[in-house]
Every structure is written in C-alpha cells, then in structure tokens.
Amino acid sequence: MSEIKFPIYLDHHATTPLDPRVLDAMMPYFTEKFGNASSLDHTFGYKASVAVEDAREKIANAIGARHVEIVFTSGATESDNIALLGTMSKYADRGNHLITCVTEHKAVLDTTRHLESIGKKVTYLPINEFGEIDLQELESVITTETVMISIMFANNEIGTIADVQAIGDIAHKHNVIFHTDAAQAVGHIPVNVESMNIDLMSFSAHKMYGPKGIGALYIRGIKPRVKPDSIVFGGGQERNIRSGTLNVPGIVGFGKAVEIAVKETDSENKRFREWSDLMLKEFEKVGGKLNGHPTNRLSHNLNVYFPGIESKAIINSISKEIAISAGSACTTQIVEPSHVLLAMGFDEERAHSSIRIGIGRFNTKDEIKYTINKIISSVQSISKIKI
Ligand SMILES: *Cc1c(COP(=O)(O)O)cnc(C)c1O
C-alpha cells in the first residue's frame with residue numbers, strides 16, 4: 001500500500017480541489033497579466049481579453065455551443081438566477097408559468113420561491129424512487145401560459161442523470177424554453193446543447209477542478225434565440241447580460257479545467273464506476289442500501305443508507321481521516337432531512353441515516369479501500385452500541 005495522505009477527500013459534489021495544471025494556467029493572470037479585459041486601449045487589457053476569449057472558445061466547444069453563447073458569471077447559483085428571473089421577466093408576455101422539479105438545487109428552488117412571491121406560477125414535478133421525473137407528466141402540465149422548464153442535468157445528492165434530450169424535445173415541441181442546471185454534469189459526462197435541445201444551461205468551474213467564484217450561463221443564440229433580461233446592471237460586459245469586470249484568472253482557470261475534462265473524463269469515469277460499485281458491494285454486506293439509480297447516475301456518486309445508523313454518527317467517527325457528507329452540503333448547517341431523499345419516497349429515518357460519497361480525480365484505489373474498511377467498522381461499532 002502506498003502512503004495515504006489524510007484526510008481523504010470524498011466530497012466532490014460539494015466542491016473539487018483545484019487541478020495543479022489549472023493553477024499554473026491561472027497564475028500569470030494574478031501577476032504580470034493583470035489587465036482588465038474591457039480595457040482594449042492597451043496591451044494589458046488586450047492580453048486579458050485574448051485569454052478570456054480563448055477560454056470562452058474552449059468552453060463553448062466542449063458543450064457544442066458557439067462562443068457568443070457563453071456568458072461568464074460568478075457560478076451556477078448566479079447562472080440559475082439569471083436564467084430563471086431573466087427569462088420569466090423577458091417573456092412575461094408569453095405567460096407566467098414555470099415547470100421545475102422537487103429535487104432541484106436550492107439555487108433553483110429558492111429562485112422559483114421568489115418568482116412565486118412576485119406572482120409567477122410554478123409547477124414542481126415529483127420524482128420516482130430513482131430520482132427521475134415522468135416525461136408524460138412533464139408534457140401534461142405544460143399550458144399555454146408555460147414560459148420555461150428548468151430541470152437539473154444530474155442531481156448533486158444522488159447523481160441521477162436526467163433524460164435531458166427528451167425533456168428538451170418536449171419543451172421545443174411546445175415552444176417552451178428549456179433551462180438545465182448542469183453544475184454536476186459539465187466536465188463529468190458528455191453534454192451537447194445542440195443534440196440535447198438545451199436553451200439555457202448553468203455550470204460552474206469549482207465542480208470540475210477549476211476555481212471557485214466563476215461559472216457560466218449558456219444562452220442559445222439561434223433556433224430559438226433566447227435573451228433573458230439582466231439582473232445585474234453596470235458596465236455592459238457579457239453582452240449586457242452580466243455587468244461587472246471579468247474575473248480573468250478565474251475564466252482562464254475555467255477554460256483550462258474544461259480542456260482537461262474533455263481529455264480525461266472518459267477514463268476517469270471507468271475508474272470511478274469500478275470504485276463506486278466496489279464500495280456499494282462491500283457496504284451491502286453490512287446492510288447498506290443504495291439511494292439512487294443503480295446505473296443511470298454519475299459514476300463518482302454513491303449515496304448509501306445504513307438502516308438504524310445515524311449518518312452524523314458515522315461522519316463524526318471517521319471525520320479525522322475521511323471527509324464525506326450527510327447529504328447536500330449547502331443544507332448541512334440546518335439539521336433538515338434531505339429534500340431529495342424525502343421526494344424519492346423515503347422516510348425521515350432513511351434521510352437521516354444516509355451518507356453521500358463523491359469520488360474525485362486525485363483519489364487512489366488505496367484510499368477507496370481504506371474508506372470502505374473505515375466506514376464498515378464505524379457502522380459495526382455504532383450498531384453494537386445500539387444493541
Ligand atoms: C454546486 C451547485 C450549484 C451552485 O453552484 P455555485 O457555483 O457554487 O454557485 C448549483 N446547482 C447544482 C446542481 C450544484 O451542484
């Protein structure tokens with residue numbers, strides 16, 4: 001066994017470490033290449049602008065978009081806000097109805113709650129035990145008032161991957177705008193805005209080994225052309241959709257992270273699938289049960305229920321050596337059962353007795369084996385205390 005460096009990080013749905021190659025690419029833009037990408041009167045600004053456009057091109061290519069369709073934001077949260085608020089505002093003459101689903105990230109759900117408070121109508125589609133919406137149901141709730149559909153690409157707790165292409169088909173058949181929160185998908189699985197009929201897509205660098213505080217919103221330019229209203233006003237950057245001086249080092253790092261992902265995710269996914277299958281097989285031997293879809297989920301995701309064992313007890317007992325999550329990181333300050341597990345039809349006991357593991361690029365097989373043993377002995381000792 002090679003030496004393991006503790007603590008082992010296995011919470012890659014919350015955030016990922018910066019890839020050292022990304023940091024290398026970013027460094028000059030903190031120091032000598034510090035220019036403002038909008039200051040095109042001199043070489044400082046020009047160099048920054050060239051770097052931004054190069055990153056924009058890489059990101060656009062990776063998702064089948066054109067470079068003008070990429071708007072840089074501070075992250076997926078802001079992208080979700082622009083997509084939902086901006087679209088419902090811009091197309092208010094078409095209607096006041098939005099369709100989403102109950103397992104969305106808070107960045108979408110809190111935004112739709114706000115939309116409801118200003119008079120918009122929102123339909124929250126339920127999901128099945130695997131975290132999937134029913135496509136017939138989706139089609140049946142579309143009305144003449146429906147402006148947009150927002151359904152996440154891959155779930156951040158259970159990893160379930162939506163049938164985005166079919167959802168986009170339905171949206172376009174009814175002349176409805178389709179937004180997807182792809183923060184957990186881009187850089188991990190193939191995403192193509194053309195073949196998948198996506199009109200708006202939110203994603204974020206720090207979920208794919210890039211820096212925090214930089215993300216993007218893809219906005220379809222043709223067939224149909226979509227143009228959400230802006231929600232931030234100022235210098236008119238990013239085609240007036242998102243004003244504010246561009247985060248040049250962040251954008252450069254984002255571009256590099258995407259470039260690496262395009263080359264490496266295929267082989268990574270094979271490795272992650274093998275490891276998550278192995279973990280599940282071992283956890284099942286001590287009563288563990290999978291939360292989520294057995295195959296149609298992110299390869300690096302594993303959400304497991306240990307009946308009768310509180311997830312906090314497992315997490316506390318291993319936390320010096322292993323970092324995992326009890327559910328969605330954004331809600332761990334509040335001791336609330338996961339809204340995703342409850343929506344799957346599970347009770348509060350199951351929601352409080354489930355852990356989420358997110359494998360990442362720099363994990364090793366030895367770390368996975370160590371984690372398996374550690375969690376199993378933690379589960380065994382906790383159940384002994386209970387008896
Ligand atoms: C992390 C995440 C977000 C928020 O992204 P930020 O870039 O941190 O704002 C939104 N949606 C999903 C599905 C996420 O996983």
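Keep in mind the model is a prediction, meaning the values are calculated, not measured. Throughout, numbering of the chain's residues begins at 1 and tracks the sequence. Remember, it's 1-based here, ligands and their atoms both numbered in the order they're listed.
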Of all the atoms in ligand 1, which lie at a distance below 4.0 Å from a heavy atom belonging to [X]?
X      : value
Thr77  : 4 (C), 5 (O), 6 (P), 9 (O)
Ser204 : 6 (P), 7 (O)
Asp181 : 10 (C), 11 (N), 12 (C), 13 (C)

Checklist entry - Passes side chain to side chain contact (heavy atoms under 4.5 Å, CB included), Ser353 versus Ser311? Steps please. => result CA-CA 5 Å; Ser353 309; Ser311 52; 5.7 Å; no

Polar proximity ligand 1 side, [X] side, N/O cut 3.5 Å exclusive:
X      : answer
Ser74  : no
Lys207 : yes
Ala76  : yes

Checklist entry - When you look for heavy atoms under 4.0 Å from ligand 1, do you find them on the side chain of His206, its backbone, both, or neither? => result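 The answer is the side chain of His206.
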
Next on the checklist: So that I know where these two stand, are Phe203 and Tyr218 an aromatic pair - ring centroids less than 6.0 Å apart?
Outcome noted: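 No, too far apart.
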
Next on the checklist: Whether the Ser202 and His179 side chains hold a donor-acceptor pair (N or O, under 3.5 Å, no angle test) is what I'd like checked.
Outcome noted: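 Note: Ser202 and His179 side chains meet the donor-acceptor criterion.
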
Next on the checklist: Tell me whether the rings of His300 and Phe272 are parallel (<30°), tilted (30 to 60°) or perpendicular (>60°).
Outcome noted: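 Because their plane-to-plane angle lies in the 30° to 60° range, the rings of His300 and Phe272 count as tilted.
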
Checklist entry - Just checking, Arg56 and Phe72: is the charged tip under 6.0 Å from the six-membered ring centre and within 45° of the axis? => result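 No, Arg56 and Phe72 do not form such a contact.
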
Item to check | Separation of Ile314 CD1 from Ile376 CD1 (nearest 0.5 Å) | outcome: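 With rounding to 0.5 Å, CD1 (Ile376) is 11.0 Å from CD1 (Ile314).
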
